Amino acid sequence: MLEIERLTGGWGQTTIVEDLDLSLAPGETVAIVGRNGVGKSTLLELVVGRAQRHAGSIRLGERDISQLPIHARAVAGLGYVPQEREVFASLTVREHLLVAARPGRWNEDAIVELFPPLGKRFSNLGSQLSGGEQQMLAIARALIGNPKVLLMDEPSEGLAPVVVEQLVGGMRAVVSDGGLCVLLVEQRVDIALDLASRCLVMDRGRFVYQGTSAQLRQDEDQLGHLMGLEQDM
C-alpha cells in the first residue's frame, strides 16, 4: 500500500533521511521508534510532501506520489496527524470534520463512537479544547478523510496518562479495524509495540533494526541497545 524506495531528503538542502526503504502492506500497522532528532518526524513530513525530497520515490498503491503537492497526496489517500496537532483555533470541532470529510467508513457517527468526549464538544472552537481533545480532533480529522494510509506523529506526546489511555484505546480500535494501513511514530515504546505488528528502530536518518513487535518486546536489552537507553531499561 505504501512503498518508499531509497528516499533521501530533509529541510532545504539539509539531508536528514538518507537512502531509506520502507514497505507497508494493506491493513498493516508499523511503528517507528528511536531517540529524539534521528529523523522520524522528517520521514513522515517527506511522505506527505512538507519536507524536501532530494532523491528516491514514494508510491501509494500503484501511484507514484513523489512529486505531487500536499493536497494532491491527501486526495490520493494519505491521512496525516502532525506532531503539533495543528488544530484551527477559529473553527469548531464540527467544522474541522466537515472541511476534511470524504465518503467512506469514517463519518461523524463513527468518530463519536471512537472518541466519545469529542462528541460532546462539536460546537466548541479548537481554541476551547484541552490538549487531549485537540489530539482526538487531529486524529478524527485525518480519519474522516477516509485515507488509505494514516500517518501519526507522536500522538501521546505531552498528554496526561488518563488521556493517553483514552487515545490508545481509540487508536487500537482504528488499527484492529483492518481497513487502514498505519505508520506510527511514537516515543513511548510500550505504546508502539502494543499497537503495531512490526517495529523499526531509526538512528541518524536510517533504519538500524526491523522486526516484529513481539520480538522486540521479548528482548528489552536489544531494544535498549538499539535506542541507546541501556541504563534506562
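Values in this document were obtained by computation on a predicted structure and should not be read as measured data. Sequential numbering from 1 along the given sequence is applied to the chain's residues.
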(request) Applying side chain to side chain donor-acceptor pair (under 3.5 Å), run through Gln187 and Glu157 and close with a yes or a no. (result) CA-CA 8 Å; Gln187 193 67 25; Glu157 184 179 35; over 6 Å; no
(message) Could you walk me through whether Asp203 and Arg35 satisfy the side-chain contact (heavy atoms from CB on, under 4.5 Å) test, starting with their C-alpha distance in whole Å, then the side-chain angles of each, then the deciding distance to 0.1 Å, before giving a yes or no?
(response) CA-CA 7 Å; Asp203 189 33; Arg35 295 174 293 110; 2.3 Å; yes
(message) Could you see if Met202 belongs to whatever hydrophobic cluster contains Leu183? Use Ile, Leu, Val, Met, Phe, Trp, Tyr and a side-chain cutoff under 4.5 Å.
(response) yes
(message) Can you pull out every side chain to side chain donor-acceptor pair (under 3.5 Å) where at least one residue sits in residues 54-63? Sequence neighbours excluded, please.
(response) Thr15-His54
(request) For the residue pair Ser23 and Glu3, confirm or rule out a side-chain donor-acceptor distance under 3.5 Å. (result) yes
(message) Is there a side-chain contact between Thr92 and Arg121 in this structure, where contact means two heavy atoms from C-beta onward sitting under 4.5 Å apart?
(response) no
(request) Please list, chain by chain and in numerical order, all residues satisfying salt bridge (Lys or Arg N to Asp or Glu O under 4.0 Å) with Arg204, sequence neighbours excluded. (result) none
(message) Is it the case that the side chain of Ser176 and the backbone of Arg172 share a donor-acceptor pair, with hydrogens and angles ignored and the cut-off at 3.5 Å?
(response) yes
(message) Within the structure provided, determine whether Leu180 and Val175 are in side-chain contact (heavy-atom separation under 4.5 Å).
(response) no
(message) Please determine whether side-chain contact (heavy atoms from CB on, under 4.5 Å) holds for the pair Phe207 and Leu22, giving the CA-CA distance in whole Å, both sets of side-chain angles, and the decisive distance to 0.1 Å.
(response) CA-CA 9 Å; Phe207 292 133; Leu22 174 62; 4.1 Å; yes
(request) Check salt bridge (Lys or Arg N to Asp or Glu O under 4.0 Å) between Glu45 and all other residues, then give those that pass, not counting sequence neighbours. (result) Arg50
(request) Report yes if some heavy atom in the side chain of His96 is under 4.5 Å from a heavy atom in the side chain of Val87; otherwise report no. (result) yes
(request) Drop me the distance from Arg102's CZ to Leu143's CG, to the nearest 0.5 angstrom. (result) 13.5 Å
(request) Might you work through the side-chain contact (heavy atoms from CB on, under 4.5 Å) test for Val185 and Leu44, ending with a clear yes or no? (result) CA-CA 8 Å; Val185 165; Leu44 298 192; 3.7 Å; yes
(message) Could you check whether any side-chain heavy atom of Ile4 comes within less than 4.5 Å of a side-chain heavy atom of Asp21, counting everything from C-beta outward?
(response) no
(message) Which residues pass the side-chain hydrogen bond (donor to acceptor under 3.5 Å, both in side chains) test with Ser130, not counting sequence neighbours?
(response) Glu133
(request) Decide yes or no for Leu151 and Val81: does some side-chain heavy atom of the first lie under 4.5 Å from some side-chain heavy atom of the second? (result) no
(request) Indicate the atoms forming the closest heavy-atom contact of Ala192 with Val33, along with that distance. (result) CB-CG1, 3.7 Å
(message) Between Val164 and Ile191, is the side-chain contact (heavy atoms from CB on, under 4.5 Å) condition met? List the steps.
(response) CA-CA 10 Å; Val164 171; Ile191 293 175; 3.7 Å; yes
(request) Give, for atom CZ of Arg53 and atom OG of Ser66, the distance between the pair rounded to the nearest 0.5 Å. (result) 4.5 Å
(request) Output all residues satisfying salt bridge (Lys or Arg N to Asp or Glu O under 4.0 Å) with Arg217, sequence neighbours left out; order by chain, then residue number. (result) none
(message) What's the separation between atom CD1 in Ile16 and atom NZ in Lys40, rounded to the nearest 0.5 Å?
(response) 12.0 Å
(message) Given 3.5 Å as the limit, does a donor-acceptor pair link the side chain of Gln128 with the main chain of Leu125, or not?
(response) yes
(request) Side-chain contact test, heavy atoms from C-beta onward, threshold under 4.5 Å: evaluate it for Ser197 versus Glu28 and give yes or no. (result) yes
(request) State, without any angle test, whether Glu186 and Ser156 hold a side-chain donor-acceptor pair at a distance under 3.5 Å. (result) yes
(request) Quick one: which residue pairs count as a side chain to side chain donor-acceptor pair (under 3.5 Å) with a foot in residues 140-154, not counting sequence neighbours? (result) Ser41-Asp153
(request) Keeping to residues at least two apart or across chains, list the salt bridge (charged side-chain N to carboxylate O under 4.0 Å, His left out) pairs with something in residues 6-17. (result) Arg6-Asp19
(message) Do Val30 and Cys199 have side chains that approach each other closer than 4.5 Å (heavy atoms only, starting at C-beta)?
(response) no
(request) Please name the pair of heavy atoms, one in Leu98 and one in Glu108, separated by the smallest distance, quoted to 0.1 Å. (result) CD2-OE2, 4.3 Å
(request) Spell out, yes or no, whether Leu216 and Leu184 are grouped together once hydrophobic residues are joined by side-chain heavy atoms under 4.5 Å, including indirect joins. (result) no
(message) What I'd like to find out is whether the side chain of Leu150 reaches to under 4.5 Å of the side chain of Tyr80, using heavy atoms alone.
(response) no
(message) The criterion is side-chain hydrogen bond (donor to acceptor under 3.5 Å, both in side chains); which residues satisfy it with Gln210, sequence neighbours excluded?
(response) none
(message) Could you work out, with side-chain hydrogen bond (donor to acceptor under 3.5 Å, both in side chains) as the rule, every residue matching Thr29, not counting sequence neighbours?
(response) none
(request) Quick one: list whatever passes salt bridge (Lys or Arg N to Asp or Glu O under 4.0 Å) with Asp190, sequence neighbours left out. (result) Arg188
(request) Show which residues join Phe88 in its hydrophobic cluster (side-chain heavy-atom contacts under 4.5 Å, direct or indirect), or state none. (result) Leu91
(request) Tell me, please, which residues at least two apart from Asn107 pass side-chain hydrogen bond (donor to acceptor under 3.5 Å, both in side chains). (result) none
